[in-house]
Amino acid sequence: MKRIAALIGRTAVSCWHHGSPHLPPLPAWTPGPPYTCPQIRHLAAKQNKGQFKGQKIKSKPVKLEKQQKQEVEIKQRMTVSELAKAMNKDIDHVYEALLNTDVILDEMEPDTMLEEKWIKEAVKRSGMKHKWAKLVETKVRENKDIQRQPPPDPAQLVPRAPVVTIMGHVDHGKTTLLDSLRKSQIAAQEAGGITQHIGAFRVELPSGEKITFLDTPGHAAFSAMRARGAMVTDIVILVVAADDGVMNQTTESIQHAKKAKVPIIVAVNKCDKPQADPQRVKEELVGHDVICEEFGGEIQAIHVSALKGDNLLELAEATVTLAEVLELKGDPTGLVEGTVIESRSDKGKGPVTTAIIQRGTLRKGCTLVAGKCWAKVRFMFDEYDQTVSEAGPSIPVEIVGWKDLPSAGEEILEVESEQRAREVVEWRSYMEEQDKMKEDLQAIEAKQKQHQESYKKDRESMAHLSWRQRRAALYRANKHKLSHRLSEKTETEELTLPIIVKGDVDGSVEAILNILESYDADDQCELDVVHFGVGDISERDINLAETFSGEASVLATFDVTVGKKKIPVAGCRVQKGQLDKKMKFRLIRGRNILWEGSVTTLKHLKDDVLTVKTGMECGLSLDNEELEYKPGDEIICYSESEIKQKISWDPGF
């Protein structure tokens, strides 16, 4: 009976385990040792109602639930950082998910926008599935911009003073000429013998006529300022030195005047010098299609000596005569229109602009818009720094009350209220963002197309290889990308010169930036414009000029036990640039430098790293174990070098 019971027990276990009537053959049964009780498992099944005895029970297979994939909510034009946040991963995860694709990882930044297919690919490779974010119905934004008014009624027009721009080559005597005209000592105050920015002022002749003069710099760097002066002027006085002749900026000034379709009066200056040759100057001008009256043309040529004041009245009268021929008129009614001639930041007044009023009458309390800036006019000053109550057409005026500093050359338009001004500024800022986004997308698409062509070419070059050989070749090509975390930049041997540009007025900064754009020696040393602006040099500018390449803020502090020592560690987030373990470090609290030295440990997550990029968190310990960190401290890394190098760049002057 024991044998039968044991056999039945084994059969029942087998049936329960396999859940199938087809059972495997049982192994041969052998008797156990004496006095041993075999282990028997008895199974009992509850008989369902309506079930006959002896009826076989069908067992149902157990269904294993599939593991639910994480859903990632995606949308069009996601950046790398946005995708990482949606996936609940760090930025490195996104980089690694896009390895061995057409994406250019070396040029990818946290704010780089990804195409739809790469967003989906990164999600798929991460073992997740995507779902589209619910689209919020956005209304098409109404155009809130403001435009110039339609032409005024001729009946409302009144005579106005001519706006005259003085142009010419550097050192040809423009500033001295203007100094003689307005009886001020501007020339003596200017460093380096060149005008630093546009000056706007009025001159009243003995006959009672008034002329508004604009002085543009003659230096090669100030081409944009000369062009801007030509666009807001009625007459150009071209100053040419009788002892020097037509020079580079003389030719450029002629081109600006012709492009703006502005008539020219030639002032042949320095005629008092022994080597002066006015006739030669006028003959040279013929070659540039500037034909004076004595050669059969219509252009007046006045021989003057700005230093001695010779023939200055004749020059002014010639200007008034030409203005009468032009029949210059303006509309002093309606909303104000004008142009920013120059802008600067004043310690006592704040943002200040020099403007020429072209239409309407500007008064205290007017609300103005220029570019993406607006103003509630608080004060107005003339060229002698005297307050004025109003300014009509052709009158230059300094305007105080700007919320931000508009750029020189911006169009000034009056609006009815501050709310309307804010609407215009917000709309223009929005449109600028949209335009920038389109440009970025175009640049990204062009880069990706270039990369795809290169990738396709590389694949074609490996077409004769087997798949194993191709895989090995691709691994060797991408091996450097796997050797470090992709959010870290590898150390480069390229030389970079960080530059900060500060100027007294917007036009000076603009001129320097235009010159820097012509820089063509990047293969020898790259220029990096760290910051630019208008105003005095501040302590912040000096700190920036120390070529800091990374900057991190301390978020938390904790101790790590190494052996029997407790080492203080700062938990940081990189706010700017990158931290490089090989560079020097500085701990700053408030405005005080607490320590300078090197870093002993730099970790990202649990990995020892050499560099940590912007936006990433890290833990670091310094070589001074007695330092106490506090949240809010700044840790800056920097480098020092004393290597002088000459490059091949010629700025043109």
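Hydrogens, waters and symmetry mates are skipped; everything else that's a heavy atom, side chains included, is used. Remember, it's a predicted structure, so these values are computed and weren't measured experimentally.
Within the structure, salt bridge (Lys or Arg N to Asp or Glu O under 4.0 Å) pairs that include any residue of residues 259-270 do not occur (at least two apart or interchain). Annotation: salt bridge (Lys or Arg N to Asp or Glu O under 4.0 Å) contacts involving residues 313-327, sequence neighbours excluded, are absent.
Side chains of Glu116 and Gln76: a donor on one and an acceptor on the other come within 3.5 Å. Donor-acceptor pairing under 3.5 Å is lacking for the side chains of His303 and Asn311.
The backbone N or O of Ser394 sits less than 3.5 Å from a side-chain atom of Thr212, completing a donor-acceptor pair. Formation of a donor-acceptor pair under 3.5 Å by the Asn269 side chain with backbone atoms of Ala241 is not found in this model. Arg160 places a side-chain N or O within donor-acceptor distance of the main-chain N or O of Lys329, the cut-off being under 3.5 Å. A donor-acceptor pair is defined here as one N or O able to donate and one able to accept, closer than 3.5 Å; such a pair exists between the side chain of Ser81 and the backbone of Pro110. Formation of a donor-acceptor pair under 3.5 Å by the Arg428 side chain with backbone atoms of Asp145 is not found in this model.
Rounded to the nearest 0.5 angstrom, Leu214 CG and Ile356 CD1 are separated by 5.0 Å. We find the CD1-OG1 distance between Ile341 and Thr233 to be 9.0 Å, quoted to the nearest 0.5 Å. With rounding to the nearest 0.5 angstrom, the CG atom of Leu335 is 11.0 Å from the OG1 atom of Thr361. Taken from OH in Tyr519 to CD1 in Ile499, the straight-line distance is 8.0 Å, to the nearest 0.5 Å. Rounding to the nearest 0.5 Å gives a distance of 5.5 Å between CD1 of Ile237 and CD1 of Ile265.
In summary, Glu398 and Arg344 engage in a salt bridge, as defined by a charged side-chain N under 4.0 Å from a carboxylate O.
Both tests hold for Lys349 against Phe381: distance to the six-membered ring centre under 6.0 Å, angle to the ring axis within 45°.
When the shell of 6.0 Å around CD of Gln419 is examined, it contains 12 or fewer heavy atoms from other residues, nucleotides or ligands. For Lys364, the NZ atom is loosely surrounded, since the number of other residues' heavy atoms within 6.0 Å does not exceed 12. Within 6.0 Å of CD on Glu298 lie no more than 12 heavy atoms contributed by other residues, nucleotides or ligands. When the shell of 6.0 Å around NZ of Lys372 is examined, it contains 12 or fewer heavy atoms from other residues, nucleotides or ligands. Within 6.0 Å of the CZ atom in Phe379, the count of heavy atoms belonging to other residues, nucleotides or ligands does not exceed 12.
Remark: of the listed residues Glu337, Arg359, Gln147, Glu337 is the sole one forming a side chain to side chain contact (heavy atoms under 4.5 Å, CB included) with Leu413.
Between Gly245 and Arg280, the shortest heavy-atom distance links the atoms N-NH2, 4.1 Å.
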Exercise for review: Determine, stepwise, if the pair Gln279 / Glu294 fulfils side-chain contact (heavy atoms from CB on, under 4.5 Å).
Suggested key: CA-CA 10 Å; Gln279 192 69 18; Glu294 61 186 274; 3.4 Å; yes

